[in-house]
Number of protein chains: 2
Amino acid sequence: MTDYSDKLKSAGLKVTLPRLRILEILGRHPNRHHTAEDIYRLLLQNGEDIGVATIYRVLTQCEQAGLVARLQTEGPAMFELNRENHHDHFVCTRCGLVEEFHDGIIEERQRKIAARAGYEIVDHSMVLYGICADCRRQLK
Amino acid sequence: MTDYSDKLKSAGLKVTLPRLRILEILGRHPNRHHTAEDIYRLLLQNGEDIGVATIYRVLTQCEQAGLVARLQTEGPAMFELNRENHHDHFVCTRCGLVEEFHDGIIEERQRKIAARAGYEIVDHSMVLYGICADCRRQLK
DNA sequence: CTTCTTGCAAATCATTTGCAGGGCG
DNA sequence: CGCCCTGCAAATGATTTGCAAGAAG
């Protein structure tokens, strides 16, 4: 089990129950993506009633501290633990499944495009929307 | 000057003043991207007071009809005339500049990734965020 | 005429913020 | 004990919707 206390401390954030719980939720399924509402409901199921405002605050702070990554798609933002290995996302428009992928060639091309145009890339977001393998099977 | 009446008709939409005006705004600088509010203000300057609700409605309808493309970034959505030539976007986080680019290699890789995972891609969004050439110059 | 559109205000959704009370260090 | 944090409610920003009045075909 990861030690979120240390991570919070080294980010200069006080170690509090809400913060620990939220990070634990995110760490439970390291490649799952949750909305703030999701997290609120999951915490409620554990008997922890933490306001959504706090959840948004904690997530935003942790994002700035590099502990959490935010994924903007259509609809509410989704959050995941930041695992240092950069990746992009595929989102199934039928069932909501989110999967990750990484492609070195795409990354390299992005750098080339930026260099050619004189941009300094700070960040990028790439989301593929479609029907996942499971849903395609069900649709047949 | 493009004939937006015909485009609206073949999309099954009635030809109305608000629709024509909105498409004209978008067509004026074919590679510019506007928010609904932008369009509202531009129309006001021309003396046309069209409510934002209408603008959103028109844009959404035209998007579904394939006449308009919506670009989701941080902040409000931006709209542009749909010009058939698919492209992705670079957004300057300092001045808001939006530029377009296209890269066949990236597109091809996206298809490969989808094929390997069994996805059927319906759409994708890719936005590079950074500092544009002009802003970099000014910052020096 | 009938149906699709618009306008306006009210509703909604996601997210943020102000402020008073609590808790960590 | 002081400052950071949380809770709650109210504020905000973007977008949508209901409904009555107006135009398009």
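Hydrogens, waters and symmetry mates play no part in the numbers below; they use all other heavy atoms, side chains included. Chain letters run A, B, ... following the sequence lines, proteins first, then strands; residues in each count from 1.
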Problem set entry | Distance in angstrom units between A:Ile22 CD1 and D:dC5 C1', rounded | 12 Å

Exercise. To the nearest angstrom, how far is A:Arg19 atom CZ from C:dG23 atom P?
Worked result: 15 Å

For this session: Would you check if A:Leu23 and A:Cys62 make a side-chain contact, meaning some heavy-atom pair closer than 4.5 Å?
Result: yes

For this session: Not counting sequence neighbours, list each pair that qualifies as a ring-ring contact (aromatic ring centres under 6.0 Å, His included) and has a residue in residues 32-62 of chain B.
Result: B:His33-B:His89

Exercise. Any side-chain heavy atom of B:Val91 sitting closer than 4.5 Å to one from B:Leu128?
Worked result: no

Problem set entry | Value in whole Å for how far the P atom of D:dA14 lies from CZ of B:Arg41 | 10 Å

Problem set entry | Donor-acceptor contact present, side-chain B:Arg136 to main-chain A:Gly118, <3.5 Å | yes

For this session: Please list, by residue number, the residues of residues 90-99 of chain A whose heavy atoms come closer than 4.0 Å to an atom of DNA chain D; answer none if no residue qualifies.
Result: none

Exercise. Do B:Glu24 and B:Arg28 meet the salt-bridge criterion of a basic N to acidic O distance under 4.0 Å?
Worked result: no

Exercise. Counting only N and O atoms by type, is there a donor-acceptor contact under 3.5 Å from the side chain of B:His102 to the main-chain atoms of B:Glu100?
Worked result: no

Exercise. Is B:Glu107 salt-bridged to B:Arg111, cutoff N-O under 4.0 Å?
Worked result: no

Seminar exercise, completed: Counting only Watson-Crick and G-U wobble pairs with both atom distances below 3.5 Å, the stems of 3 or more consecutive pairs that include DNA chain D are C:1-10 with D:16-25, C:12-14 with D:12-14, C:16-25 with D:1-10

Problem set entry | Any donor-acceptor pair under 3.5 Å from A:Asn82 side chain to A:Gly66 backbone | yes

For this session: Would you please test B:Glu99 and A:Tyr119 for side-chain hydrogen bond (donor to acceptor under 3.5 Å, both in side chains) and show each step?
Result: CA-CA 11 Å; B:Glu99 290 208 352; A:Tyr119 304 147; 2.4 Å; yes

Exercise. Atom CD of A:Gln61 and atom P of C:dC24: how far apart are they, to the nearest Å?
Worked result: 16 Å

Seminar exercise, completed: Rounded to whole Å, the CG-P distance (A:Asp49 to D:dA9) equals 11 Å

Exercise. Please give, in whole Å, the distance from D:dA14 P to B:Leu59 CG?
Worked result: 15 Å

Problem set entry | Base-contact (B) and sugar-phosphate-only (S) positions in nucleotides 11-21 of chain C, heavy-atom cut-off under 4.0 Å, - elsewhere | ---SBBBB---

Exercise. Okay, side chain of A:Arg70, backbone of A:Glu63: is any donor-acceptor separation there less than 3.5 Å?
Worked result: no

Problem set entry | Integer-rounded Å distance: C:dT6 C1' and B:Tyr40 OH | 14 Å

Exercise. Separation of B:Ile39 atom CD1 from C:dT6 atom C1', in whole Å?
Worked result: 16 Å

For this session: Look only at the side chain of B:Arg21 and the backbone of B:Leu43, and say whether a donor-acceptor pair between them is shorter than 3.5 Å.
Result: no

Problem set entry | B:Ile113 reachable from B:Met126 in the ILVMFWY side-chain graph, under 4.5 Å edges | yes

Exercise. Once each nucleotide of nucleotides 20-25 of chain D is scored for protein heavy atoms under 4.0 Å, what B/S/- sequence comes out, 5' to 3'?
Worked result: ----BS

Exercise. Would you find more than 12 non-hydrogen atoms of other residues, nucleotides or ligands less than 6.0 Å from B:Arg32 atom CZ?
Worked result: no

Problem set entry | Pairwise C1' distance, D:dA11 and D:dG7 [rounded to whole Å] | 16 Å

Seminar exercise, completed: Those residues at least two apart in sequence (or on a different chain) that pass side-chain contact (heavy atoms from CB on, under 4.5 Å) with B:Val15 are B:Ser5, B:Leu8, B:Lys9, B:Leu20

